[in-house]
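Following: one structure in structure tokens, then a few remarks.
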There are 2 protein chains.
Amino acid sequence: MPFSMMLRRFLDPQDRYCWEVMLSRRARQIERGSDLVREGDTPHFLYVVLAGWAQKYKQLQDGRRQIVGLFLPGDLCDLDALLVDRVDHNIAAVRDLSVAELTRTDVRQLAEDCPSLARLLFWSELAGAAAYREWMINVGQRSAIERIAHLLCEIYVRQQPDAGVRRRCDFFLTQSQVAEATGLTQVHVNRTLQELRARGLVQLRQRELHIENFGELAQIAQFTGDYLHREASSNNVDRLSYFLQSMGSRNETDAPDVIVELARRRA
Amino acid sequence: MPFSMMLRRFLDPQDRYCWEVMLSRRARQIERGSDLVREGDTPHFLYVVLAGWAQKYKQLQDGRRQIVGLFLPGDLCDLDALLVDRVDHNIAAVRDLSVAELTRTDVRQLAEDCPSLARLLFWSELAGAAAYREWMINVGQRSAIERIAHLLCEIYVRQQPDAGVRRRCDFFLTQSQVAEATGLTQVHVNRTLQELRARGLVQLRQRELHIENFGELAQIAQFTGDYLHREASSNNVDRLSYFLQSMGSRNETDAPDVIVELARRRA
DNA sequence: CGGCGGATTGAGCGGCTTCAAAAAGCGTGG
DNA sequence: CCACGCTTTTTGAAGCCGCTCAATCCGCCG
């Protein structure tokens, strides 16, 4: 579930207000193609996509490039980076992009003032790991047509509000970028897209994706949106809260009574 | 950095004692090849590898399989799973395996009694995301020989204590499993390993990997261990602590003074 | 010794790549 | 509105990397 939807469902109006105020104060425009973050940088910001798309990618010395994640409006990007000294990936604007740049202090501020928001931040981070796994089996195991079908399905579903049935959605990637996301060449992406078009499944032109037959497309891709956690319940958030409450506790010096007692019994 | 090393470096003896007692109480043997976790299961445990190797993998309906992560002794496995309703991956024993199974309650208990341990848990989870990214560019962009060289480098480095110079290490994967981890076929893995052997870089036989020329192997693979975060400083842990303290705070009802004030100034 | 999982080898093929060039789209400015 | 330059898409032809199918070999263990 996109972060923005989590906010609407699980955050009370006051906290949401904090969030939106903070975003509006930190907004910044990025021109298409330019990097927000480069490998080796010291991370300074948590980015929140306001409009346009961003991509996270890695690069080899010879220029080969793999897109490892896409970020659509409302998505959080790079929370985990704030926790390391040097980032190991790049982030770039897929097209003209508007983001909010939140500093560590901003995030801390928000987390202190709106604890339930803090939990959503973490939840969103963890959901990202599931997406990495799915992309990995995509690139590692699926054929060209399956990979591309899968990517199209994901991008389509991520843009559907709740249970939408719109047939079209934005699609800002060039065929070269599709290639970088799927581990194929641009030429082969082109030919494979023609194949999908010839089968009457999709149309893809000038920044717009038309899905003609989602069922068959999803079947080719073996796509299920499970890994997107679109059905996330407040259960999940509560569960996270359950852990975080204890993890964040400040009483470092408490004796670990229960465990020591366990140990004693065992000995 | 493997979790076990983090423990040694950043955890005081008392907390480490808690941890080890808990592990010893929850130990369990798993026979080679059998699954600890299956896709769709409700997650119940955080697994800690005590001896042997475990693999996390995903599978398509037709049986194609991608290994998305390997877990060596001392590694944590599947903390994030505890936060969702249904897991989206499988975990299996690469060989005969000994793990500790910690329940949610166990983890909560540990987190409450040893807050610094809790932070290490989270840190370890976040480091995992970097590994996913590296595996993705591996599978997506590198050639067969590069992929395999990279996997060998990773497994070798992960088994080196601090700045070790041992030439050999355990290697429990079959060639079929190497294939599943790299997105190649078993046959081609075999031929590529012969190539590496012929070039005098490695020897790989019966559960043991000999590295003859690590420098060249790493060069072929464009391997840098950065993504393993072996040099993690206590800085990282402190930074995590900085966030978690506020995120876990219990005072849900505090007014978000600062933010509201910001909003006022802006209006 | 036989059985079995794993490694090795061979031959043929095809999916995807590579290189190169042309066509089409798109923004910009005259 | 058209001309121009740039990016993106499309097409062609040739070739290779890695796949498939299938058989054999090897080492280990009961």
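Being a predicted model, the structure only gives us computed values, none of them experimental. Residue numbering restarts at 1 for every chain, and letters A, B, ... go by the order of the sequence lines.
- With A/Gln160 contributing its side chain and A/Val157 its backbone, the two residues share no donor-acceptor pair below 3.5 Å.
- For residues 38-55 of chain B, the side-chain hydrogen bond (donor to acceptor under 3.5 Å, both in side chains) pairs, not counting sequence neighbours, are B/Asp35-B/Arg38.
- One distance of note links CD1 of A/Ile145 with CG of A/Leu217; it measures 9.0 Å at 0.5 Å rounding.
- Note on A/Arg95: nothing from the nucleic acid sits closer than 4.0 angstrom, heavy atoms only.
- Among the heavy atoms of the strands, none lies under 4.0 Å from A/Arg147.
- Once you apply a 4.0 Å limit to the heavy atoms of chain A, the touched nucleotides of DNA chain D run 5' to 3' over D/dT8 to D/dA13.
- In this structure, B/Thr192 reaches neither bases nor backbone, as no heavy-atom distance under 4.0 Å exists between it and the strands shown.
- Within the structure, salt bridge (Lys or Arg N to Asp or Glu O under 4.0 Å) contacts touching residues 125-144 of chain A (residues at least two apart or in different chains) are A/Arg133-B/Asp80, A/Arg133-B/Asp88, A/Glu134-A/Arg142, A/Glu134-B/Lys58.
- Less than 4.0 Å separates DNA chain C from at least one heavy atom of each of the following residues of residues 178-189 of chain A: A/Gly183, A/Leu184, A/Thr185, A/Val187, A/His188.
- Where DNA chain C meets chain A (any atom under 4.0 Å from a heavy atom), the bounding nucleotides read 5' to 3' are C/dC16 to C/dG27.
- The list of salt bridge (Lys or Arg N to Asp or Glu O under 4.0 Å) pairs with a residue in residues 203-228 of chain A, not counting sequence neighbours, reads A/Arg168-A/Glu208.
- Listed by first and then second residue, the salt bridge (Lys or Arg N to Asp or Glu O under 4.0 Å) pairs involving residues 173-198 of chain B are B/Glu195-B/Arg199 (not counting sequence neighbours).
- B/Arg191 comes within contact range of at least one nucleobase, with a heavy-atom separation under 4.0 Å.
- For A/Arg28, the salt bridge (Lys or Arg N to Asp or Glu O under 4.0 Å) test picks out A/Glu101, with sequence neighbours left out.
- For the ring pair (Phe, Tyr, Trp, His ring centres under 6.0 Å) condition, the pairs that include at least one residue of residues 178-220 of chain B, sequence neighbours left out, are B/Tyr156-B/Phe214.
- Applying the side-chain contact (heavy atoms from CB on, under 4.5 Å) criterion to A/Glu31, with sequence neighbours excluded, gives A/Ser34, A/Asp96.
- Nearest-nucleotide positions on DNA chain C for A/Ala144 and B/Gln175 put B/Gln175 closer to the 5' end.
- Residues A/Ser143 and B/Asn190 each lie close to DNA chain C; by heavy-atom proximity, the contact nearer the 5' end of the strand is made by B/Asn190.
- In this structure, the ring of B/His89 has its center no less than 6.0 angstrom from the ring center of B/Tyr132.
- End-to-end axis angle of the helix from C/dC1-D/dG30 to C/dG30-D/dC1, using five pairs per end and rounding to 10°, comes to 40°.
- Among pairs with a residue in residues 150-159 of chain A, those fulfilling salt bridge (Lys or Arg N to Asp or Glu O under 4.0 Å) read A/Asp75-A/Arg158, A/Glu154-A/Arg158, at least two apart in sequence or across chains.
- Looking at every heavy atom in both residues, B/Ala130 comes nearest to B/His229 through CB-NE2, 3.8 Å.
- Judged by distance alone, the side chains of B/Gln194 and B/Asn190 do bring a donor and an acceptor atom under 3.5 Å apart.
- Looking at heavy-atom distances under 4.0 Å, B/Arg142 makes no contact with the nucleic acid at all.
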